[in-house]
Amino acid sequence: MRFREFGNTGWNVSVVGMGCWALGGQWGDIGEEQAVATVHAALDAGINLFDTADAYGPRRSEEFLGKALEGRRSEAFIATKVGNIGGRDGHPLSYATPEHIYLCCDASLYRLRTDYIDMYQCHVRRHANADVFVEAFERLREVGKIRAYGISTFYADDISAFDSHGRRDVVQVPYSAVERDYEGDVLPICADRNIGTLIRGPLAKGILSGKFTADARFTEQARSGWNDGEGRAEFLTMLDAAEAIRPLSNASRTMAQVALAFTLAHPAVDCIIPGAKTPQQAIENAAAADIELTADELDQIRTIGSEHR
């Protein structure tokens, strides 16, 4: 495993982390035993950053991660999010007052079985009450319940909203070989301001693992939008790009590892957080940290991504 300094926090984080959305069950069924084994495999492979959210499950991902980290809390940085709890059930909180965020933080701490969160992130983009989140995060950091904060976003103006006094620490942004829309604004801003970056979707919801074909149909919640309409067209376009990348894999590196290595090669990337549902997936993701693509290979992938948009 390789490690990088995480923005201005002074922390050394593994370049490959673990996204824990799958532990919540929206990517298919997963029980506690399997979830715990997957987190333990990630830790043993050198991964030290785990990203979750109160909305994953909801709540279940945090519960499983908290269980898995019992006795190993000191080995991990925990990143979780606030802002979407109840949304999919039709009764979202307004987050119009810091009290909502304080209550959600306390609930996350309980589920995670810890007395502090390393990175707390706003989980809603372009929220009308961004200043409320900043106020709450500042207070939570002051009392020691969180150590750093930021936002999960696509948008450069969100970064400015959370950086009104230069104290934000992290931005979570999607970026992969087939989703490079944020190379021109969000990633450069993070680099210029020394903001730590968590990169979600480096495998494009699994497309870049090479496991799907054009006749795939999806039952899991997180991919159901790929079955029809514009979502189907998007899926097939990204699948074509993935197949063009496949020849870069070989006996010593999987297609998924090539895709992860591409994302890691961007100079503004601190930590990628591919998801994992099994110990083997966690181990294979971690091994991508040791793969370096040549300049020609990186150019090939950039060209493929540009041609399939």
Side-chain angles (χ1 to χ4, degrees), residues 1-4 12-53 56-81 111-114 118-119 172 176 198-212 216 218-223 242 249-264 271-291:
M1 180 57 66
R2 290 185 291 127
F3 297 84
R4 290 177 181 166
N12 286 317
V13 300
S14 54
V15 296
V16 178
M18 178 176 157
C20 297
W21 189 3
L23 303 189
Q26 289 105 329
W27 299 80
D29 290 338
I30 181 170
E32 180 181 298
E33 183 177 352
Q34 181 177 330
V36 170
T38 301
V39 172
H40 286 176
L43 286 166
D44 294 342
I47 288 173
N48 72 357
L49 187 147
F50 297 83
D51 179 80
T52 184
Y56 295 167
R59 296 173 291 275
R60 190 179 183 192
S61 175
E62 288 186 330
E63 290 168 351
F64 284 171
L65 181 59
K67 174 68 174 178
L69 292 179
E70 276 195 305
R72 304 189 69 171
R73 176 66 179 92
S74 63
E75 300 177 44
F77 294 102
I78 295 176
T80 193
K81 308 180 204 68
R111 288 188 291 269
L112 289 163
R113 307 186 187 201
T114 185
D118 295 289
M119 287 169 266
Q172 184 172 148
S176 73
L198 289 181
I199 306 301
R200 68 179 183 271
L203 293 177
K205 293 186 176 180
I207 290 177
L208 290 167
S209 69
K211 62 184 178 182
F212 299 132
F218 303 95
T219 58
E220 62 271 26
Q221 183 183 56
R223 297 189 180 103
S249 62
N250 54 44
S252 62
R253 61 189 195 187
T254 67
M255 184 173 164
Q257 288 170 336
V258 170
L260 296 178
F262 171 82
T263 303
L264 281 172
C271 177
I272 62 175
I273 46 172
K277 281 181 63 180
T278 68
Q280 187 59 33
Q281 287 177 348
I283 292 167
E284 290 180 2
N285 289 345
D290 299 320
I291 295 172

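All heavy atoms count here, side chains included; hydrogens, waters and symmetry mates do not. Throughout, residue positions are numbered sequentially from 1 according to the sequence presented.
In terms of the side chain to side chain donor-acceptor pair (under 3.5 Å) criterion, Asp29 has no residue partners (sequence neighbours excluded). Annotation: side chain to side chain donor-acceptor pair (under 3.5 Å) contacts of Glu32 (sequence neighbours excluded): none. Evaluation of the ring-ring contact (aromatic ring centres under 6.0 Å, His included) rule for Phe212 yields Phe218 as partners, not counting sequence neighbours. Shown here are the side chain to side chain contact (heavy atoms under 4.5 Å, CB included) partners of Ala256, two or more places apart in sequence or in another chain: Leu203, Ser209, Thr254. Considering only residues two or more places apart in sequence or on other chains, Trp27 meets the ring-ring contact (aromatic ring centres under 6.0 Å, His included) condition with Trp21. Shown here are the side chain to side chain donor-acceptor pair (under 3.5 Å) partners of Ser74, two or more places apart in sequence or in another chain: there are none. With sequence neighbours left out, the salt bridge (charged side-chain N to carboxylate O under 4.0 Å, His left out) criterion links Arg200 to no other residue. In terms of the side chain to side chain donor-acceptor pair (under 3.5 Å) criterion, residue partners of Asn48 (sequence neighbours excluded) are, by chain and number, Ser14. Under the rule for a side chain to side chain contact (heavy atoms under 4.5 Å, CB included), the partners of Ala289 that lie at least two apart in sequence or sit in another chain are Met1, Val15, Val16.
The side-chain hydrogen bond (donor to acceptor under 3.5 Å, both in side chains) pairs that include a residue from residues 33-47 are Asp44-Arg72, where partners are two or more places apart or lie in different chains. Sorted by first and then second residue, the side-chain hydrogen bond (donor to acceptor under 3.5 Å, both in side chains) pairs involving residues 59-70 (not counting sequence neighbours) are Thr52-Ser61, Glu62-Thr80, Glu62-Ser108, Glu62-Arg111, Glu70-Arg113.
Counting only distance, with no hydrogens or angles, the side chain of Asp118 and the backbone of Ile78 share a donor-acceptor pair below 3.5 Å. A donor-acceptor contact shorter than 3.5 Å links the side chain of Asn285 to the backbone of Gly275.
Minimum heavy-atom separation, Leu69 to Leu43: CD2-CD1, 3.8 Å.
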